[in-house]
A.B. asks: 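My questions will all concern the structure given below.
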Protein chains: 2
Amino acid sequence: MKQQTKKITRGAQRTLSAFSNAMSQALTQQSFEAVTVNNLCQQANYPRSTFYNYFEDKYDLLNYCFSLIVAEIHLNELAIGDEGQILLTCFDRLYDLIDQHKAYVAKVLVHNQDGFLLAGFTNYAQQVGQKLLVDKIAVVQELPAELVVAHCFATISMVLNWVFVKQNQLTKQDARLYLVRLYGKPGLAETK
Amino acid sequence: MKQQTKKITRGAQRTLSAFSNAMSQALTQQSFEAVTVNNLCQQANYPRSTFYNYFEDKYDLLNYCFSLIVAEIHLNELAIGDEGQILLTCFDRLYDLIDQHKAYVAKVLVHNQDGFLLAGFTNYAQQVGQKLLVDKIAVVQELPAELVVAHCFATISMVLNWVFVKQNQLTKQDARLYLVRLYGKPGLAETK
DNA sequence: TCAATTATTGGACACTCGTACAATTTTAAA
DNA sequence: TTTAAAATTGTACGAGTGTCCAATAATTGA
């Protein structure tokens, strides 16, 4: 997004929403790769100039979309805690979020099976998590907090990918079990 | 690569090498994003048509470059073993490989700091590893082998990123220690 | 309210992309 | 060596990209 600094007027908000909706809609009909800026402008009913007024390119818009979604899971309200708590809490919230929008996600995955979108999304979530958690997290072993958070999100991403993209039928309980086993730290209990 | 099936004649080999060299060279001068097919053709002294004869696009060429590099570490010669052995062996080989080409890597990283290249590379390595290891790996806990291998490579990638991209000064021994701690499985010894 | 500042829009530009196809060169077989 | 088949190359095309700038519209403060 080009205008982090400026205040967002009502008109600007309308424009941002129009484009993010256009992207969301476009992704149910074609792969992200196939989406063009022209597409989005047509869908959103704004000229190209306006698009480039707000966004660098379609990746930038995608990131904005991600930010809207990530905002929904309130990572900033995470309690201070140890690795395990944070791992499981983040996982739960992301899992529930995707699960809630199951129908939409299914439509998107028809044209986007390669995991690029989920990778991008969890990468975004990781960056947000990074900032919020690095100072909070209580690391069990002597490791840089940054590395631990990154690994935490990578592992979550892996399990979410296994469940939602590769579509292995798993209950949430089982998914959690996989997560904890993969993560492997002996200190973490395997049940809630 | 478009011509997996056909035999590679000497002429074709010359062309492939010319383009992969062109890519390698281009990456020391600009970001991958900035590299254009025209660039590569100019550098390699071949017409665009020839480029598209051999490759889908620049990503395809990049993958070919990766395949050349990955071939150097002989993943296919990996002994059958448990998770820990495979984790450490793969890590060692990738670490050594990058370390050997330290000077080149440094040049590339000047214009490619975002980790995209390393991510792509380890992703490629993972895919190769996936195929070779899924049937070999002895999984400690009840988890799909596919998931374990993916997690294994993701963790390796994370530490390599920490050392080589984020440029934290670490001895190989320490890097290995980080790897094992991150990976966290209690069964793995922390020393060689 | 009206002017001044700021934002949005339309159009043009130079560029890249990937494809298609005909002309040419290379390769391999007879 | 000659010829038929296959691969390579030149050229042109439609479509997309991102930038720039001037004209137009919208906000805001005086």
Side-chain angles (χ1 to χ4, degrees), chain A residues 1-27 29-65 111-112 114 116-117 120, chain B residues 1-27 29-65 111-112 114 116-117 120:
Chain A
M1 282 243 300
K2 283 183 174 175
Q3 35 191 65
Q4 314 96 323
T5 55
K6 305 169 200 167
K7 59 191 165 187
I8 292 170
T9 67
R10 180 169 291 147
Q13 187 52 62
R14 208 171 26 230
T15 311
L16 290 172
S17 299
F19 278 116
S20 54
N21 288 334
M23 176 62 92
S24 301
Q25 223 253 351
L27 289 178
Q29 295 172 351
Q30 53 195 319
S31 74
F32 175 73
E33 205 200 353
V35 174
T36 70
V37 174
N38 288 331
N39 268 351
L40 296 166
C41 292
Q42 194 175 350
Q43 176 68 32
N45 242 296
Y46 278 94
R48 271 165 67 77
S49 322
T50 303
F51 178 89
Y52 285 109
N53 236 9
Y54 284 90
F55 305 103
E56 301 275 349
D57 48 35
K58 65 176 178 176
Y59 297 91
D60 196 26
L61 169 55
L62 186 64
N63 264 327
Y64 174 66
C65 293
H111 304 281
N112 295 275
D114 55 8
F116 168 78
L117 285 182
Chain B
M1 282 244 301
K2 285 184 173 175
Q3 35 190 63
Q4 315 95 323
T5 55
K6 306 167 199 169
K7 60 192 166 188
I8 292 170
T9 68
R10 178 170 292 146
Q13 187 53 62
R14 206 169 29 230
T15 312
L16 290 172
S17 298
F19 277 116
S20 55
N21 288 336
M23 174 64 91
S24 301
Q25 223 252 351
L27 289 178
Q29 296 172 351
Q30 53 194 321
S31 73
F32 176 74
E33 206 199 353
V35 174
T36 70
V37 174
N38 288 332
N39 269 350
L40 297 166
C41 293
Q42 195 175 349
Q43 175 68 32
N45 241 295
Y46 278 95
R48 269 164 63 76
S49 322
T50 303
F51 178 88
Y52 285 109
N53 237 8
Y54 285 89
F55 305 103
E56 301 275 349
D57 48 36
K58 66 176 177 175
Y59 297 91
D60 196 26
L61 170 55
L62 186 64
N63 264 326
Y64 174 66
C65 293
H111 304 282
N112 295 275
D114 55 7
F116 169 78
L117 284 182

A.B. asks: Can you measure B:Leu61 atom CG to C:dC17 atom C1' for me and round it to whole angstrom units?
C.D. replies: 15 Å
A.B. asks: Using OP1 and OP2 only, check whether a side-chain N or O of B:Arg48 sits under 4.0 Å from C:dC17.
C.D. replies: yes
A.B. asks: Could you tell me the separation between the CZ atom of A:Phe51 and the P atom of C:dT9, rounded to a whole number of Å?
C.D. replies: 14 Å
A.B. asks: Nearest to the side chain of A:Tyr54 - D:dT9, C:dT8, D:dG18?
C.D. replies: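 The nucleotide sitting nearest to the side chain is C:dT8.
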A.B. asks: Using side-chain heavy atoms (C-beta onward) and a distance below 4.5 Å, is B:Val37 in contact with B:Tyr52?
C.D. replies: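 The answer is yes; the side chains approach within 4.5 Å.
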A.B. asks: Would you kindly give the CD-to-P distance between B:Gln42 and C:dC17, to the nearest whole Å?
C.D. replies: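 Taking atom P of C:dC17 as the reference, CD of B:Gln42 is at 12 Å.
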A.B. asks: Quick one: does A:Tyr59's side chain get under 4.5 Å of A:Phe32's, heavy atoms only?
C.D. replies: yes
A.B. asks: Ignoring the backbone of A:Asn53, work out which of C:dT9, C:dC17, D:dG16 is nearest its side chain.
C.D. replies: C:dT9
A.B. asks: Show the nearest heavy-atom pair for residues B:Asn39 and B:Gln30, with the distance to one decimal.
C.D. replies: ND2-NE2, 3.2 Å
A.B. asks: In whole angstroms, how far is the P atom of D:dT9 from the CG atom of B:Asn45?
C.D. replies: 11 Å
A.B. asks: Do A:Lys58 side-chain atoms and A:Glu33 backbone N/O form a donor-acceptor pair below 3.5 Å?
C.D. replies: yes
A.B. asks: B:Glu33 has an atom CD; how far is it from atom P of D:dT17, in whole Å?
C.D. replies: 14 Å
A.B. asks: If you check the A:Thr36 side chain, which of C:dC17, D:dG10, D:dG16 turns out closest?
C.D. replies: D:dG16
A.B. asks: Taking for each residue the nucleotide of DNA chain C with the nearest heavy atom, is it B:Asn39 or B:Arg14 whose nucleotide lies nearer the 5' end?
C.D. replies: B:Asn39
A.B. asks: Can you tell me how far C1' of D:dA7 sits from OH of B:Tyr46, to the nearest Å?
C.D. replies: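 Going from OH in B:Tyr46 over to C1' in D:dA7 covers 13 Å.
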A.B. asks: Write down the distance between CZ (A:Phe32) and P (D:dG16), rounded to a whole number of angstrom.
C.D. replies: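 Distance, rounded to whole Å: 15 Å.
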A.B. asks: Using the side-chain heavy atoms of B:Asn38, tell me which of these nucleotides is nearest: D:dG18, C:dC17, D:dT9.
C.D. replies: C:dC17
A.B. asks: Between C:dT8 and A:Tyr52, is there an OP1 or OP2 to side-chain N/O distance shorter than 4.0 Å?
C.D. replies: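 Checking A:Tyr52 against C:dT8: no side-chain N or O falls below 4.0 Å of OP1 or OP2.
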A.B. asks: Heavy atoms under 4.0 Å, any strand shown: does A:Ser49 hit a base, just sugar-phosphate, or nothing?
C.D. replies: base
A.B. asks: In whole Å, I'd like the distance from the CD atom of A:Glu56 to the C1' atom of D:dT19.
C.D. replies: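 Rounded to the whole Å, the gap is 12 Å.
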A.B. asks: Go through it in stages, so that I can follow the logic: the residues are A:Phe51 and A:Phe19, the test is ring pair (Phe, Tyr, Trp, His ring centres under 6.0 Å), and I'd like the CA-CA distance, side-chain angles, deciding distance and then a yes or no.
C.D. replies: CA-CA 8 Å; A:Phe51 178 89; A:Phe19 278 116; 5.3 Å; yes
